[in-house]
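For the single chain, residues carry numbers from 1 onward in sequence order.
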Amino acid sequence: MMLTPTLTPKPFIKWAGGKQSLALLLSTEFPHDFERLYEPFVGGGSIFLSLCPHKAVIGDHNRWLIDTYRAIRDAWEKVAEILDSIPNTKEDYLRVRKVLPASIGLEQRAAHFIYLNKTCFRGLFRVNRKGEFNVPYGEYDRRYYDPDNLKAVSFALQQTEIRSGDFERTLFDVTPKDFVYLDPPYYKLSGYSDFNRYTEAQFRENDQLRLGALCRELDQKGVRWAVSNSDTEFVRHVFSGFNIKEISARREINLKSSKRDIIELLIKNY
Ligand SMILES: C[S@@+](CC[C@H](N)C(=O)[O-])C[C@H]1O[C@@H](n2cnc3c(N)ncnc32)[C@H](O)[C@@H]1O
């Protein structure tokens, strides 16, 4: 029997576009009477973990991330044990970075994912077009994980179905009793942006249109959803006719890590 952890779980990795600072505010906008929460762009999981729903379906296109969730759900102690055995040195970092995730077992793959996230420069996941992790070593002196938190995350995942792949696939069996929160890579504010390279494929304009079309389809079926995205003419156009709300978000926005308030959108069909 697993004892209920007392701690509220938090993301165990740093993730670009993470919603931790907005989780409380956003949750006041969500309905409470749903059967399952669907999060097809789960990323670092800040919304899923702050809501801790009774039942959920989470997904992401980043297979390595999804495998990490699976390993934590089923064997977090084993993942922690492997993490404890990897020293935080540049040599070890370069050795781990070279290992192909598919060539090792699930728990070790998860441990490598967390290790690289915690020790790489600026702590962000970034891959090149071939899907290779290519971030340099960060030289940070910090622990890789908090055992109480990893245990709490594992507990929160027990009633959760974890799917890997495109958002359309994750949502194939959603029903009007469920609620869907969608947090895609944001439509670019201006110019070229490589910020959303979470996977080897970029999330392009066509994918934003696909998302808009799917949301209209779900709306027709009576499924409630909320989408976060950038405040741009394009996004306002894709979701025209729905309830569009401006949300003020304080974010680290550029490489010099200056912070400023930016407005983003929360679009709802309820
Ligand atoms: C803005 S992040 C989500 C952040 C998350 N809400 C958090 O708090 O950490 C967007 C996520 O979408 C994923 N993604 C990119 N393209 C996708 C696709 N076609 N289908 C599903 N997920 C995708 C990325 O891997 C990334 O984790």
>> Using the side-chain contact (heavy atoms from CB on, under 4.5 Å) definition, which of the options Thr68, Leu157, Thr170, Asp67 pairs with Ile162?
In response: Leu157

> Say you draw a straight line from NZ of Lys78 to CH2 of Trp76; how long is it, rounded to the nearest 0.5 Å?
Replying inline: 13.5 Å

> Taking only residues two or more places apart in sequence, or in another chain, which ones meet Asp146 in a salt bridge (charged side-chain N to carboxylate O under 4.0 Å, His left out)?
Replying inline: Arg143

> Where is the tightest heavy-atom contact between Gly45 and Tyr69, given as atom of each residue plus distance?
Replying inline: N-OH, 3.3 Å

>> Would you compute the distance between atom CD of Gln208 and atom CZ of Arg204 and round it to the nearest 0.5 angstrom?
In response: 12.0 Å

>> If you define the side chain from C-beta out and look only at heavy atoms, does anything of Lys188 sit under 4.5 Å from Ser230?
In response: no

> Quick one: does NZ or CZ of Arg169 land under 6.0 Å from the six-membered ring centre of Phe172, within 45 degrees of the ring axis?
Replying inline: no

>> Can you tell me how far apart NZ (Lys245) and CD1 (Ile263) are? Round to the nearest 0.5 Å.
In response: 12.0 Å

>> Please find the pair of heavy atoms, one from Tyr93 and one from Pro136, that lie closest to each other, and give the distance.
In response: OH-O, 3.4 Å

> Roughly how far, to the nearest 0.5 Å, is CG of Asp207 from CG of Leu214?
Replying inline: 12.0 Å

>> Restricting to non-hydrogen atoms, name the atom on Ala156 and the atom on Thr160 that form the minimum distance, rounded to 0.1 Å.
In response: O-OG1, 3.3 Å

> Below 4.0 angstrom, N of the basic side chain to O of the carboxylate: do Arg163 and Asp60 qualify?
Replying inline: no

>> Looking at Lys55 and Glu35, is any side-chain nitrogen of the basic one under 4.0 Å from a carboxylate oxygen of the acidic one?
In response: no

>> Clusters formed by hydrophobic residues whose side-chain heavy atoms approach within less than 4.5 Å: which one holds Leu100, and what are its other members?
In response: none

> Between OG1 of Thr232 and CZ of Arg236, what distance do you get to the nearest 0.5 Å?
Replying inline: 8.5 Å

> Are Glu139 and Lys90 close enough for a salt bridge, meaning some N to O gap below 4.0 Å?
Replying inline: no

> In the hydrophobic clustering (ILVMFWY, side-chain contacts below 4.5 Å, transitive), which residues join Ile104, or is it alone?
Replying inline: Val99

> Out of Phe48, Phe30, Phe167, which residue meets the ring-ring contact (aromatic ring centres under 6.0 Å, His included) rule with Tyr181?
Replying inline: Phe30

> To the nearest 0.5 Å, what is the distance between OG1 (Thr8) and CG (Asn149)?
Replying inline: 9.5 Å

> After noting the C-alpha distance and the side-chain angles of Asp92 and Arg97, does the key distance pass the salt bridge (charged side-chain N to carboxylate O under 4.0 Å, His left out) rule?
Replying inline: CA-CA 8 Å; Asp92 286 284; Arg97 197 179 72 164; over 6 Å; no

>> For Glu217, is there an ion pair with Lys221 - N to carboxylate O distance below 4.0 angstrom?
In response: yes

> Where do Phe113 and Phe125 land on the ring pair (Phe, Tyr, Trp, His ring centres under 6.0 Å) test, with the steps shown first?
Replying inline: CA-CA 9 Å; Phe113 188 86; Phe125 185 96; 5.4 Å; yes

>> Can you tell me which residue among Ile244, Val227, Ile267 is in a side-chain contact (heavy atoms from CB on, under 4.5 Å) with Val235?
In response: Ile267

> Considering the options Phe242, Tyr38, Tyr270, which one meets the ring-ring contact (aromatic ring centres under 6.0 Å, His included) requirement together with Trp225?
Replying inline: Phe242

>> Do Asp84 and Tyr145 pair up side chain to side chain, a donor and an acceptor below 3.5 Å, judged on atom types alone?
In response: yes

>> Do the side chains of Asp219 and Arg216 get close enough for a salt bridge, i.e. N-O under 4.0 angstrom?
In response: no

>> Assess the residue pair Tyr115 and Tyr144 against the criterion (ring pair (Phe, Tyr, Trp, His ring centres under 6.0 Å)); give the C-alpha distance rounded to whole Å, side-chain angles, the decisive distance to 0.1 Å, and a yes or no.
In response: CA-CA 6 Å; Tyr115 173 83; Tyr144 311 145; 5.3 Å; yes

